[in-house]
Colleague: 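Structure provided below as structure tokens; questions to follow.
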Amino acid sequence: MALALACASHATVQAQSADLERLVNTLRASGGLCAGSAPPLVRRDTLDAVAAKLARGTALEDAVRSVGDRMNEVQVMRFTGPRRGPRVEAMVASRLCAYLVQPRLSALGLFAQGDESWVVLAEPFAPVVGLSAQQVQARMLALVNAARAQPRSCGATAHAAAPPVRWSPVLELAASAHAADMAAQDYFSHDAKDGSTPAQRVTRAGYSYRMTGENIAGGQLTPEDAVTGWLKSPGHCANLMNPGYQEMAVAYAVNARARLGVYWVQQFGTPR
């Protein structure tokens with residue numbers, strides 16, 4: 001009997017959540033009260049968990065942090081009463097339409113308990129660079145060589161214009177491996193989790209060097225932003241302007257669940 005009661009309770013909760021999901025997506029759809037045209041909201045288990053934590057009195061910031069799913073924006077609505085009918089639609093629309101018509105708020109979390117409802121709308125953290133390795137190569141070479149072509153100050157140190165660098169596929173292997181490792185393991189450092197240094201990593205990739213150096217960046221979504229950041233940092237800028245380097249490669253990796261989202265690695269070298 002206890003099992004039958006538990007199953008019935010679960011079915012009731014599922015039905016209540018389905019009513020909520022139908023309600024907000026009806027309002028969001030073309031022809032709904034919000035007069036939107038955004039695609040349907042997508043249920044996200046982590047946001048359901050956020051809604052449940054809010055129902056237990058957890059603060060929003062703490063609830064979002066606890067589920068380990070990064071969001072750029074979160075909007076919450078709580079209401080009491082029915083989840084169906086024109087009056088409910090009108091009430092929810094008056095409070096949520098400003099958010100329901102926004103395509104960027106694409107994720108949905110719900111929690112229903114008795115006559116209480118919690119609706120969580122969110123924009124997931126989803127960093128996108130959208131460039132192939134070939135596009136990164138072309139853009140980074142152009143940006144870096146344009147920067148090297150002009151004399152500049154890196155902090156308090158003046159640097160003359162430097163000769164252009166060429167792309168190295170072997171350095172690209174080292175850069176790609178370190179970017180992927182930082183993204184996968186959620187860290188940001190020249191020293192890898194396995195203890196390797198930049199020089200050891202380029203050697204591991206098969207690059208025999210007379211000199212080598214590394215720049216890293218995190219969070220930037222374009223090559224332009226990454227290079228701008230390096231030029232603003234005296235140490236990274238000095239690396240980029242070093243006339244001794246003849247070759248270069250840059251790679252990036254993305255992990256939306258990592259702290260910085262996007263990780264860039266720039267390897268410089270001069271072969272033996």
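What you see is a predicted model; the values in this text were computed from it and never measured. Every heavy atom of this structure was used, including side-chain atoms; hydrogens, water molecules and symmetry mates were not.
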Colleague: Assess, by modelled atom type and distance only, whether the side chains of R152 and Q150 contain a donor and an acceptor separated by less than 3.5 Å.
Modeller: no

Colleague: With the side chain counted from C-beta on, respond yes when D191 and T197 share a heavy-atom pair under 4.5 Å apart, and no when they do not.
Modeller: yes

Colleague: If you link ILVMFWY side chains whenever their heavy atoms are less than 4.5 Å apart, which other residues fall into the same cluster as V265? By chain and number, please.
Modeller: M182, Y187, F188, I216, L260, Y263

Colleague: Are any of the side-chain heavy atoms of E21 and R43 separated by less than 4.5 Å?
Modeller: yes

Colleague: Tell me, please, which residues at least two apart from D62 pass side-chain hydrogen bond (donor to acceptor under 3.5 Å, both in side chains).
Modeller: R65

Colleague: Working to the nearest 0.5 Å, report the span between OG1 of T80 and CD of E116.
Modeller: 3.0 Å

Colleague: Report yes if some heavy atom in the side chain of W264 is under 4.5 Å from a heavy atom in the side chain of P223; otherwise report no.
Modeller: yes

Colleague: Provide the closest heavy-atom pair for A251 versus A179 in the form atom of the first, atom of the second, distance.
Modeller: O-CB, 4.1 Å

Colleague: Mark yes or no for whether R257, through its side chain, and R70, through its backbone, hold a donor-acceptor pair below 3.5 Å.
Modeller: no

Colleague: Before accepting this row, confirm whether a basic side-chain N of the pair R84/E89 lies closer than 4.0 Å to the acidic partner's carboxylate O.
Modeller: no

Colleague: Whether the side chain of N242 engages the backbone of A238 through a donor-acceptor N/O pair (distance < 3.5 Å, no angle test) should be reported.
Modeller: no

Colleague: What pairs with Y207 under ring pair (Phe, Tyr, Trp, His ring centres under 6.0 Å), at least two apart in sequence or on another chain?
Modeller: none

Colleague: Are any side-chain N or O atoms of D181 and backbone N or O atoms of A192, one a donor and one an acceptor, separated by less than 3.5 Å?
Modeller: no

Colleague: Is there a side-chain hydrogen bond (donor to acceptor under 3.5 Å, both in side chains) between Q266 and N215? Walk through the geometry before answering.
Modeller: CA-CA 5 Å; Q266 180 179 45; N215 285 342; 2.9 Å; yes

Colleague: Quick check: does any side chain N or O of R28 sit under 3.5 Å from a backbone N or O of V101, one acting as donor and the other as acceptor?
Modeller: no

Colleague: Nearest heavy-atom pair of R44 and P124: which atoms, and what distance?
Modeller: NH1-CG, 3.6 Å

Colleague: Looking only at non-hydrogen atoms, find the nearest pair between L33 and A93 and report the distance.
Modeller: CB-CB, 4.1 Å

Colleague: I need the T212 OG1 to Q200 CD distance, nearest 0.5 Å.
Modeller: 12.0 Å

Colleague: May I have the step-by-step check of side chain to side chain contact (heavy atoms under 4.5 Å, CB included) for D69 and M71, ending in yes or no?
Modeller: CA-CA 7 Å; D69 195 359; M71 299 288 152; 3.4 Å; yes

Colleague: Distance-only, no hydrogens or angles: does the R272 side chain make a donor-acceptor pair with backbone N or O of R210 under 3.5 Å?
Modeller: no

Colleague: For a quick test of reading the model, state the closest non-hydrogen atom pair linking A51 to V120 and the distance between them.
Modeller: CB-CG2, 3.8 Å

Colleague: Between L60 and V76, what is the shortest heavy-atom contact and its length?
Modeller: CD1-CG2, 3.8 Å

Colleague: Quick one: are L105 and V74 in side-chain contact, heavy atoms under 4.5 Å?
Modeller: no

Colleague: Rounded to the nearest 0.5 Å, how far does OG of S106 lie from CD of E123?
Modeller: 7.5 Å

Colleague: Closer than 4.0 angstrom, basic N to acidic O: yes or no for R201 and D194?
Modeller: no

Colleague: Any heavy-atom pair between the side chains of E247 and W167 that's under 4.5 Å?
Modeller: no

Colleague: Would you say that N239 contacts Y245 through its side chain, given a criterion of any heavy-atom pair below 4.5 Å between the two side chains?
Modeller: yes

Colleague: What pair of heavy atoms forms the shortest contact from L100 to C34, and how long is it?
Modeller: CD1-SG, 3.9 Å

Colleague: Would you mind reporting whether Q135 and Q137 have side-chain heavy atoms less than 4.5 Å apart?
Modeller: no

Colleague: Quick one: does any side-chain atom of Q134 pair with a main-chain N or O of S132 as donor and acceptor, under 3.5 Å?
Modeller: no

Colleague: So does A63 get a backbone contact from the side chain of S66, meaning a donor-acceptor N/O pair under 3.5 Å?
Modeller: yes

Colleague: Has the side chain of S153 got a donor or acceptor atom that lies under 3.5 Å from a matching backbone atom of A156?
Modeller: no

